[in-house]
Visitor: 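Sharing a structure here in structure tokens format.
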Amino acid sequence: GCSSKSEETKAAETTADTTAETGAESTAAGDSGKLIMATEAGFAPYEYTEDGETVIGVDVDIANEIAKAMGKELVIQNMTFDGALLAVQQGVVDFAAAGISVTPDRQEEMDFTIEYATSKQVVVVKKDAGKIESVEDVTEGTIVGVQMGTTGDFYCTDDLGCEVKQFGKYAEAALELKNDKLDCIVMDSLPAEQLVAANDDLEILDGELFTDKYAIAVKKGNTELLDQMNEVLQQLIDEGKIDEFTINHTTK
Amino acid sequence: MGNWLISAWERIEKAFLVNGRYAAYLNGFKTTLIISLFAVLLGVAVGLILAIIKYTANHVEKNIILTLLNWIANIYIGIIRGTPVYVQLLIIYFIIFAKMDTSPIVAAVLCFGINSSAYVAEIIRAGIEAVDVGQMEAGRSLGLGWGQTMISIIMPQAIKNILPALGNEFIVLIKETAIVGTIAVRDVTKAAQNVGAITYDLLPPLLITAAMYLVVVIILTKLLSIFERRLAQSDRR
Amino acid sequence: MGNWLISAWERIEKAFLVNGRYAAYLNGFKTTLIISLFAVLLGVAVGLILAIIKYTANHVEKNIILTLLNWIANIYIGIIRGTPVYVQLLIIYFIIFAKMDTSPIVAAVLCFGINSSAYVAEIIRAGIEAVDVGQMEAGRSLGLGWGQTMISIIMPQAIKNILPALGNEFIVLIKETAIVGTIAVRDVTKAAQNVGAITYDLLPPLLITAAMYLVVVIILTKLLSIFERRLAQSDRR
Amino acid sequence: MIDVKHLDKVFGDNHVLKDLNEHIEQGEKVVIVGPSGSGKSTFLRCLNLMEKPTSGHIVFEGKDITEAKSKEVNQIRQKMGMVFQHFNLFPHLTIKDNITLAPIKLKIMTKEEADKKAMELLKRVGLEDKADAYPAQLSGGQKQRIAIVRSLAMNPEVMLFDEPTSALDPEMVGEVLDLMKQLADEGMTMVVVTHEMGFAREVASRVMFMADGYILEQNTPEEFFGNPQNDRLKDFLSKVL
Amino acid sequence: MIDVKHLDKVFGDNHVLKDLNEHIEQGEKVVIVGPSGSGKSTFLRCLNLMEKPTSGHIVFEGKDITEAKSKEVNQIRQKMGMVFQHFNLFPHLTIKDNITLAPIKLKIMTKEEADKKAMELLKRVGLEDKADAYPAQLSGGQKQRIAIVRSLAMNPEVMLFDEPTSALDPEMVGEVLDLMKQLADEGMTMVVVTHEMGFAREVASRVMFMADGYILEQNTPEEFFGNPQNDRLKDFLSKVL
Ligand SMILES: Nc1ncnc2c1ncn2[C@@H]1O[C@H](COP(=O)(O)OP(=O)(O)OP(=O)(O)O)[C@@H](O)[C@H]1O
Ligand SMILES: Nc1ncnc2c1ncn2[C@@H]1O[C@H](COP(=O)(O)OP(=O)(O)OP(=O)(O)O)[C@@H](O)[C@H]1O
Ligand SMILES: [Mg+2]
Ligand SMILES: [Mg+2]
């Protein structure tokens with residue numbers, strides 16, 4: 001049952017004459033009046049919770065602006081990071097905003113907006129652990145904690161060949177690091193600063209492992225939504241709003 | 001010792017009180033209960049159909065349609081019982097519902113309801129078969145038809161075996177649904193994980209959550225055993 | 001239709017063959033089986049102790065130590081059965097083992113072994129109590145002591161009730177351990193998720209994984225029922 | 001009244017009844033005895049089609065019931081009361097409801113008629129004070145008498161009894177046999193499987209000996225017990241008398 | 001041989017045995033009859049402490065066994081064989097192993113001695129060809145005879161029987177009663193709870209009537225059945241004879 005159904009859906013993208021097709025299009029920013037965003041709320045300041053349930057952060061502020069401009073109600077689905085990417089790729093949600101770096105692989109599977117933030121991937125270590133002294137020390141054989149499906153995950157696994165442990169949340173990786181089960185964590189600099197701020201015995205090494213840029217992902221071929229988002233994003237960048245959001249969420 | 005206590009209290013405070021976080025746990029638990037309840041209801045609806053197919057296929061003269069239905073029911077039950085509910089959850093959410101505007105809660109209810117149905121089918125079938133065969137014989141020997149005997153004599157007795165087992169299935173579901181956070185449902189476990197992600201201190205939220213499950217499970221188990229005793233007594237008035 | 005087949009084949013190829021990905025599933029399943037096997041062994045070891053405590057507390061004259069042990073056993077079993085194994089997994093991995101250099105696989109074995117022990121205790125206790133009370137009476141009436149009767153008469157019969165249920169517990173564990181990916185264990189479900197995260201096509205990996213579980217569960221269930229029939233026959237030679 | 005023609009019954013590869021031919025007259029009291037597993041219960045259960053014969057025919061009041069459709073079978077069973085070793089009362093119903101259930105469901109009587117009939121029958125067996133009790137509150141002997149009453153409420157033309165006293169404590173056997181004797185005296189056609197040789201001697205118009213799926217001997221009680229011919233029967237009687 | 005003094009037994013708020021005082025002589029054959037639930041089994045089970053008396057004393061061969069430690073109790077039980085309604089053979093052991101288990105485990109005999117004794121006893125009851133069979137392969141009557149043999153293998157000084165024929169098909173009752181009669185003839189002390197009045201009449205040196213936890217009447221079989229005094233006994237006998 002289930003396999004044939006989703007095969008049908010895939011075919012529908014090109015042929016456009018099956019009933020499944022119509023059902024599909026209505027989700028993607030269609031007539032529902034809702035704009036559904038997928039994210040993973042363990043990535044402060046981009047997305048996190050204060051009260052344990054309401055997702056807030058830079059990406060949420062941006063998404064709210066977009067929803068407002070489109071006259072829709074924003075609905076946030078807080079899942080795993082790799083789940084969020086899949087959800088947008090499959091069209092379960094309208095878009096994913098989770099500090100997503102643009103990579104060629106991802107571009108094959110989904111469309112991205114213009115980049116709205118620059119991500120410096122840094123290395124977090126335990127103070128005085130002594131194993132990793134600088135970013136160059138992260139090499140083959142280093143035990144690295146990453147969040148599953150992030151660019152840090154792919155970079156460390158595929159490019160550096162590190163021994164990678166995948167986590168759902170950075171908080172979990174931080175615990176591992178503190179217990180000397182990891183040599184380091186590779187993650188974005190902004191959430192890294194928050195992580196270090198909350199954990200006295202961790203520190204960020206100088207310099208960055210690599211840089212990439214964040215954009216919002218939408219389902220491949222959904223140019224209508226993409227154009228609307230780009231318009232709003234460009235406006236926010238021009239008005240300096242995004243920097244403002246970032247400051248709001250980091251200086252508390 | 002005093003320091004230790006203070007720090008423990010601070011951690012709990014951060015996990016439960018700061019920023020009104022307790023609301024997240026309570027709302028989360030409400031979601032857990034709602035999903036479990038509707039899943040068990042769906043499970044009963046589908047499980048009842050499966051049980052009737054399987055029971056009649058075994059106890060009534062064979063015919064092709066019944067054999068076919070029984071065969072389908074067996075495959076359905078076999079697949080559901082042969083694969084992890086976690087994998088089923090991922091499949092249902094990301095694939096079956098890929099093209100529909102379905103809330104993750106509905107997906108969770110569907111997943112656990114379908115999963116439960118395979119187990120409920122067995123509960124119902126076993127509950128019916130636990131009624132002494134002599135009861136069917138007595139009914140038939142009086143001239144009652146198979147269906148009449150089933151409804152007036154077998155079912156009222158079977159229900160006393162089935163209801164407590166269904167209550168137990170509900171309790172099992174409350175625990176099993178702890179994994180729904182994976183598909184963006186904000187249940188109580190997910191609330192704990194969210195709080196842990198912001199405080200960087202997972203232990204207190206997890207213990208709070210475990211305690212909530214424990215209390216609810218103990219209370220429900222107690223109620224269930226009282227209910228069960230009542231049912232058992234009702235024949236011995 | 002031809003197109004559809006080709007595209008389906010391409011997706012499966014990408015999910016299973018490209019870059020030797022099948023190895024990830026096979027290694028993952030090996031991990032799944034290893035965790036389940038050692039968990040059931042640990043469960044039997046701890047569960048046996050719990051069962052002996054509970055059985056003797058109920059069937060032998062009371063004394064304080066036994067009452068205390070029974071009380072502890074009940075609390076242990078109550079907590080484990082009253083909370084989701086997913087929450088237990090998170091607690092055990094991130095907290096209990098936070099201070100030790102433990103591999104996640106060991107943590108998984110411990111978590112599921114401890115969880116299983118509460119259920120195995122009940123399996124063993126029920127297996128012993130299912131032996132007709134007349135057997136103990138017959139043994140005692142011949143002048144055998146309680147322990148002698150237990151070892152020579154009750155246990156050999158109880159084992160025939162217990163072994164099949166333990167086999168079933170192993171099968172249940174194979175399915176339950178699908179969540180160990182959460183604590184960074186690369187089991188077969190995690191392998192599927194990893195492949196899905198690379199190919200952005202989760203359906204084929206999940207279906208492959210589900211099929212693997214299904215095949216193994218069906219084979220083990222079949223073997224178990226053959227074994228069970230053998231055991232049952234051994235009294236009717 | 002009942003004609004049994006070439007009746008065969010096979011369970012798997014167990015040939016339980018072997019080409020039985022019998023005729024039971026209206027008003028006869030046939031008692032069937034024989035060792036365990038000889039097919040007595042199966043024979044009895046074939047008479048009202050609780051067990052479907054593998055081959056052969058049962059003719060009841062001129063109608064071949066082995067050919068009947070399931071609706072007709074239900075109607076035929078109403079005329080053939082059956083009493084079981086383990087009573088099989090309905091535990092979730094009061095005694096009165098046990099008795100009135102079938103007549104009401106089958107629209108043979110209104111609720112009032114059925115209640116009246118039930119109370120009459122209960123009075124007859126001296127259990128009218130148990131009308132609102134549940135089966136679990138009765139002794140074994142009381143349960144079996146209620147089971148008989150439940151069958152009688154359908155006004156059957158023949159009563160089939162399968163070891164009605166085997167599950168009873170010895171001091172309760174008498175009260176059930178007494179009720180059966182009364183029925184016999186009133187002219188009820190009865191087929192009774194039992195180990196109570198005293199009852200057979202006193203009540204039977206004919207005693208049958210079954211062994212291995214055959215009816216090896218049958219006769220009046222005097223001849224059956226006083227002058228048995230078949231060796232198996234002689235051996236059997238030597239053990240049970 | 002056995003002295004019962006002020007024996008009381010209470011289950012919860014159910015007073016089952018009420019201040020019983022009895023004396024059983026070596027070689028006596030005491031048969032206990034009475035309605036269901038009157039406490040017959042409980043009385044029998046108190047004699048070998050399978051049931052712990054609530055108060056009172058059991059003196060066996062001059063020793064107060066109610067005061068004995070659990071080790072001593074085990075030794076006393078070796079001298080008191082017990083036979084149960086449902087046989088309670090050990091299903092996982094062959095017939096021979098059923099018989100030899102206790103003598104070997106308790107180091108009363110070597111394996112060879114026990115085997116020899118078992119074969120002798122089996123020959124005596126005509127079941128030597130079943131030595132290597134399992135209980136499930138035996139008929140009810142055979143099972144009960146093996147259960148008696150199993151007790152005899154311990155060379156007991158008294159045998160307690162609790163309704164040994166109640167679970168048997170009628171044609172198998174005889175073979176078990178025959179074996180019990182043989183034992184009686186050989187002088188075994190026996191206490192037998194049974195509903196077989198024929199056996200009581202023929203074998204008993206004394207018949208006891210229990211009701212409601214009291215022993216209401218006891219006498220020689222002739223007087224007991226021929227000239228009962230107590231009204232409850234008269235009523236009971238009218239039902240079961
Ligand atoms: N439903 C059944 N399926 C298979 N075999 C059966 C069934 N019912 C009876 N038998 C077999 O048929 C044979 C005759 O059984 P039946 O119950 O008629 O004997 P019986 O003479 O009534 O014995 P008893 O005195 O023990 O009641 C037995 O070998 C029994 O095992
Ligand atoms: N282990 C027990 N716990 C509680 N009550 C018991 C127990 N054993 C027996 N009784 C009660 O004690 C009373 C006497 O029982 P007992 O078995 O001695 O009667 P009996 O004369 O042997 O009857 P029967 O002829 O039915 O075997 C009954 O009311 C019974 O319910
Ligand atoms: Mg029968
Ligand atoms: Mg008794």
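Keep in mind it's a predicted model, so treat the numbers as computed, not measured. The chains referred to below are lettered A, B, ... by the order of the sequence lines, with proteins before strands, and numbering in each begins at 1. Below, all heavy atoms of this structure are taken into account, side chains as well, without hydrogens, waters or symmetry copies.
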Visitor: Can you tell me which portion of B/Leu90 sits under 4.5 Å from chain C's heavy atoms? Options are side chain, backbone, both or neither.
Guide: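 Its backbone and side chain both get close to chain C.
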
Visitor: Which one of C/Thr177, C/Ile174, C/Ile179 has the most heavy-atom pairs closer than 4.5 Å to chain B?
Guide: C/Ile179

Visitor: In chain order, what residues pass the side-chain contact (heavy atoms from CB on, under 4.5 Å) check against B/Asn58, with sequence neighbours excluded?
Guide: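 Counting only residues at least two positions away or on another chain, B/Asn58 forms no side-chain contact (heavy atoms from CB on, under 4.5 Å).
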
Visitor: Take atom OH of C/Tyr119 as the centre, draw a 6.0 Å sphere, and report whether it contains more than 12 heavy atoms from other residues, nucleotides or ligands.
Guide: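 Yes, enclosed.
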
Visitor: For C/Phe38, does the CZ atom have more than 12 heavy-atom neighbours from other residues, nucleotides or ligands under 6.0 Å away?
Guide: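 Counting neighbours around CZ of C/Phe38, 12 or fewer heavy atoms of other residues, nucleotides or ligands fall under 6.0 Å, so no.
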
Visitor: Is there a side-chain contact between B/Ile91 and C/Leu207 in this structure, where contact means two heavy atoms from C-beta onward sitting under 4.5 Å apart?
Guide: yes

Visitor: Would you compute the distance between atom CD of B/Gln88 and atom NZ of C/Lys175 and round it to the nearest 0.5 angstrom?
Guide: 8.5 Å

Visitor: Taking every non-hydrogen pair under 4.5 Å, which of B/Val85, B/Ile79, B/Leu220, B/Thr209 racks up the most with chain C?
Guide: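 So the answer, after comparing B/Val85, B/Ile79, B/Leu220, B/Thr209, is B/Ile79.
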
Visitor: Out of curiosity, C/Leu206 CG to B/Tyr86 OH, how far, rounded to the nearest 0.5 Å?
Guide: 9.5 Å

Visitor: Which pairs with one or both residues in residues 109-126 of chain B pass salt bridge (charged side-chain N to carboxylate O under 4.0 Å, His left out), sequence neighbours excluded?
Guide: B/Glu122-B/Arg125, B/Arg125-B/Glu129

Visitor: If you draw a 6.0 Å radius around OH in B/Tyr76, do more than 12 non-hydrogen atoms from other residues or ligands fall strictly inside?
Guide: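 Count over threshold, so yes.
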
Visitor: At a heavy-atom separation under 4.5 Å, does B/Gln193 approach chain C through its side chain, its backbone, both, or neither?
Guide: side chain

Visitor: Passes side-chain contact (heavy atoms from CB on, under 4.5 Å), C/Thr83 versus B/Val217? Steps please.
Guide: CA-CA 8 Å; C/Thr83 51; B/Val217 167; over 6 Å; no

Visitor: If you count heavy-atom pairs within less than 4.5 Å of chain B, which of C/Ala192, C/Gly78, C/Ala210 leads?
Guide: C/Ala210

